[in-house]
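Because the structure is predicted, anything quoted here is derived from the model rather than measured.
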Amino acid sequence: MKLDQSRAPIHEALERFRQMRVVPFDVPGHKRGRGNPELTEFLGQRCIGVDVNSMKPLDNLCHPVSVIREAEKLAADAFGAQEAFLMVGGTTSAVQSMVLTACKRGDEIILPRNVHRSVINALVLCGAIPVYVNPEVDRQLGISLGMKREQVEKAIAEHPNAVAVLVNNPTYYGICSDLRAIVEMAHRAGMLCLADEAHGTHFYFGEGLPVAAMAAGADMAAVSMHKSGGSLTQSSFLLIGPGVHAGHVRQIINLTQTTSGSYLLMSSLDISRRNLALRGRQIFQQVREMAEYARSEINAIGDYYAFGRELIDHNAIFDFDSTKLSVHTLDIGLAGIEVYDALRDDYDIQIEFGDLGNILAYLSIGDRIQEIERLVSALAEIRRRFKKSPSGLLSQEYIEPIVSASPQEAFYAEKESLPLEQTEGRVCSEFVMCYPPGIPILAPGERITDEILQYIRYARAKGCQLTGPEDPSIQSLNVLK
């Protein structure tokens, strides 16, 4: 039975609550903003007045029975899922709940190495063992691609006791694996298929876009509504199919998610789901058209390469998310991070990220064509002002890891801190990554090689924001004793 997608039950309950003028002898301590006038001035009375705690009329995120439960049912209906869970710890929390649901200590999970750090964090927490499928790399663009069908088939054959296969749908750059085929392979082997859809919310509502995880038959999907879906930062959905026990998933979520769920975040999920359910197809058609226009304009500048569906090979690049505006920059003699910095510092344009060879401008429901024109003009001027020889630029975005210990074993092992230059050959016990995109260069349990050290030094010199280690300056690393 189709539900009424024009409803937003959490939002409606908050509006009813606002009119009740309840006297607050509960938390939060700002008491509808009275106790913190500066915060009230900053956020506005309308916003801070509904920053409230769980109570009977507003339900409880840990054990929803009324308005939050209604919102979950509407979300499941909108996304074509069996169940949906409101996540207020970001897609990181949704991804970790997926992995913790599927895996326990010692279980194997098949996954691409170019995953977000939240996946490997989950392995640190639960003690599961990663079986990495090393992605193909586009040598021209220097980006990692999807998982080939034969690679997944080989990993399943060699690790028949693995409990799950995890897929990026899509990668940060918009690359999609053959999700339907991977789901079928996983299910045939008795494994779950999990999808990290942090960058794929719009797949559920757009025409001519890659298949969404629930439509492909995946068992679980972490969907980042705050990215392309328009909700507040840190709000996401966790979706599950019919083969996963919803009660168990709720218990897993409650292991790590706050017991004080933000009603600002939850209502933003509720309202944004309603918006996409009612208008998403039209909205994302416009986003696609803007992205295609931007691609053609940027490619007409010369030397830049805004890549798109022409990359599709029906295997490692099974499909491409045409809303993604990724641009290769090396032919103008600048690393992506240098173009990223120039756009922000000289042109007041903030894009999503720049890596060693590419930039990503994230287009979504709030963009307008005039901003696209401004971006194109700025890129043309950057080429005119700064173009130089690309010789000596490093392009490789992915380095195949040498795994020597499980993430959990390495993270909790006895360790010592060594200067970066003295770590070659040792096993790392922490993360090193450029953020964004948050894909680890090194993860706990991986051996440090000269190639990795060169990459870290180069990325630091180019201005990449390196994060992860205890030492914020990345002058030293923790390694196993």
Side-chain angles (χ1 to χ4, degrees), residues 110-121 123-124 129-148 151 155 166 168 171-173 175 177 196 316-317 326 328-330 335-337 353-360 390 392-407 410-411 418-469 471 474-480:
I110 297 166
L111 67 162
R113 175 56 178 76
N114 59 322
V115 290
H116 188 263
R117 72 167 292 174
S118 58
V119 177
I120 302 174
N121 281 348
L123 304 185
V124 170
I129 312 297
V131 174
Y132 289 128
V133 173
N134 286 307
E136 295 285 308
V137 172
D138 185 298
R139 298 293 166 186
Q140 179 197 354
L141 302 176
I143 64 171
S144 47
L145 308 176
M147 294 192 290
K148 284 187 169 181
Q151 291 174 321
L166 186 140
N168 293 319
T171 70
Y172 226 136
Y173 300 97
I175 307 294
S177 303
D196 180 348
I317 311 172
S326 301
H328 189 62
T329 65
L330 290 187
I337 186 64
F353 79 84
D355 63 19
L356 299 189
N358 305 276
I359 58 172
L360 174 67
L393 290 176
L394 187 66
S395 67
Q396 184 74 355
E397 183 262 341
Y398 177 76
I399 300 171
E400 192 170 315
I402 302 170
V403 180
S404 300
S406 78
F411 188 83
L418 290 179
L420 194 65
E421 307 304 326
Q422 296 176 26
T423 59
E424 185 179 349
R426 303 293 291 271
V427 176
C428 193
S429 71
E430 55 188 351
F431 290 94
V432 182
M433 73 203 79
C434 296
Y435 194 88
I439 298 165
I441 302 164
L442 274 171
E446 294 176 1
R447 197 164 295 279
I448 302 166
T449 64
D450 179 58
E451 185 183 15
I452 287 169
L453 293 174
Q454 285 184 39
Y455 185 103
I456 292 170
R457 286 191 290 266
Y458 182 86
R460 188 168 53 196
K462 287 296 183 185
C464 289
Q465 186 179 350
L466 287 164
T467 66
D471 175 11
I474 329 287
Q475 298 296 326
S476 60
L477 286 178
N478 287 340
V479 297
L480 269 61

Side chains of N358 and S326: closer than 4.5 Å at any heavy-atom pair? no
Counting only N and O atoms by type, is there a donor-acceptor contact under 3.5 Å from the side chain of S177 to the main-chain atoms of G146? no
Side chains of E136 and I317, heavy atoms from C-beta outward: is any pair under 4.5 Å? no
Determine the minimum heavy-atom distance between N114 and P135, stating which atoms define it. OD1-CG, 3.6 Å
S476 and D471: side-chain donor and acceptor closer than 3.5 Å? yes
Distance in Å, Q465 CD paired with I337 CD1, rounded so as to fall on 0.5 Å steps: 8.5 Å
For residues A410 and L480, report the shortest heavy-atom separation together with the two atoms involved. O-CD1, 3.8 Å
If you measure from CD1 on I474 to CG on L420, what distance do you get to the nearest 0.5 Å? 8.5 Å
side-chain contact (heavy atoms from CB on, under 4.5 Å) between V432 and I452: does it pass, once the steps are laid out? CA-CA 10 Å; V432 182; I452 287 169; over 6 Å; no
Heavy-atom closest contact (L166 atom, M147 atom, distance): O-CE, 3.4 Å
Atom CD1 in I456, atom CD in E451: separation rounded to 0.5 Å? 11.0 Å
First locate atom CG of N121, then atom NE2 of H116, and finally report the distance between them rounded to the nearest 0.5 Å. 8.5 Å
Which heavy atom in D450 sits nearest to a heavy atom in Q454, and how many Å separate them? OD2-NE2, 2.6 Å
Heavy-atom side-chain proximity of F431 to P444 below 4.5 angstrom: yes
Do the side chains of M433 and T467 get nearer than 4.5 Å, heavy atoms only? yes
Is the side chain of H328 donor-acceptor paired with the backbone N or O of Q140 at a distance under 3.5 Å, no angle test? yes
Residue pair Y455 / L356, side-chain heavy-atom distance below 4.5 Å: yes
Side-chain heavy atoms of L393 within contact of Y458, under 4.5 Å: yes
Separation between CG of L477 and OG1 of T423, rounded to the nearest 0.5 Å: 5.0 Å
Residues I129 and S406: closest non-hydrogen pair is CD1-CB, 3.6 Å
Does I441 reach the side chain of L466, with side-chain heavy atoms less than 4.5 Å apart? yes
For residues 424-449, pull every pair meeting salt bridge (charged side-chain N to carboxylate O under 4.0 Å, His left out), keeping only residues two or more places apart or in separate chains. R113-E446, E416-R426
With sequence neighbours excluded, tell me which residues meet salt bridge (Lys or Arg N to Asp or Glu O under 4.0 Å) with R460. none
Does the gap between the ring centers of Y173 and F353 come in under 6.0 Å? yes
Working to the nearest 0.5 angstrom, can you tell me the gap between L442 CG and I402 CD1? 10.5 Å
Checking Q422 side chain against P419 main chain: does a donor-acceptor pair fall under 3.5 Å? no
Looking at side-chain heavy atoms only, is the closest gap between T171 and I143 below 4.5 Å? no
For L141 against D138, the heavy-atom pair lying closest together: N-OD1, 2.8 Å
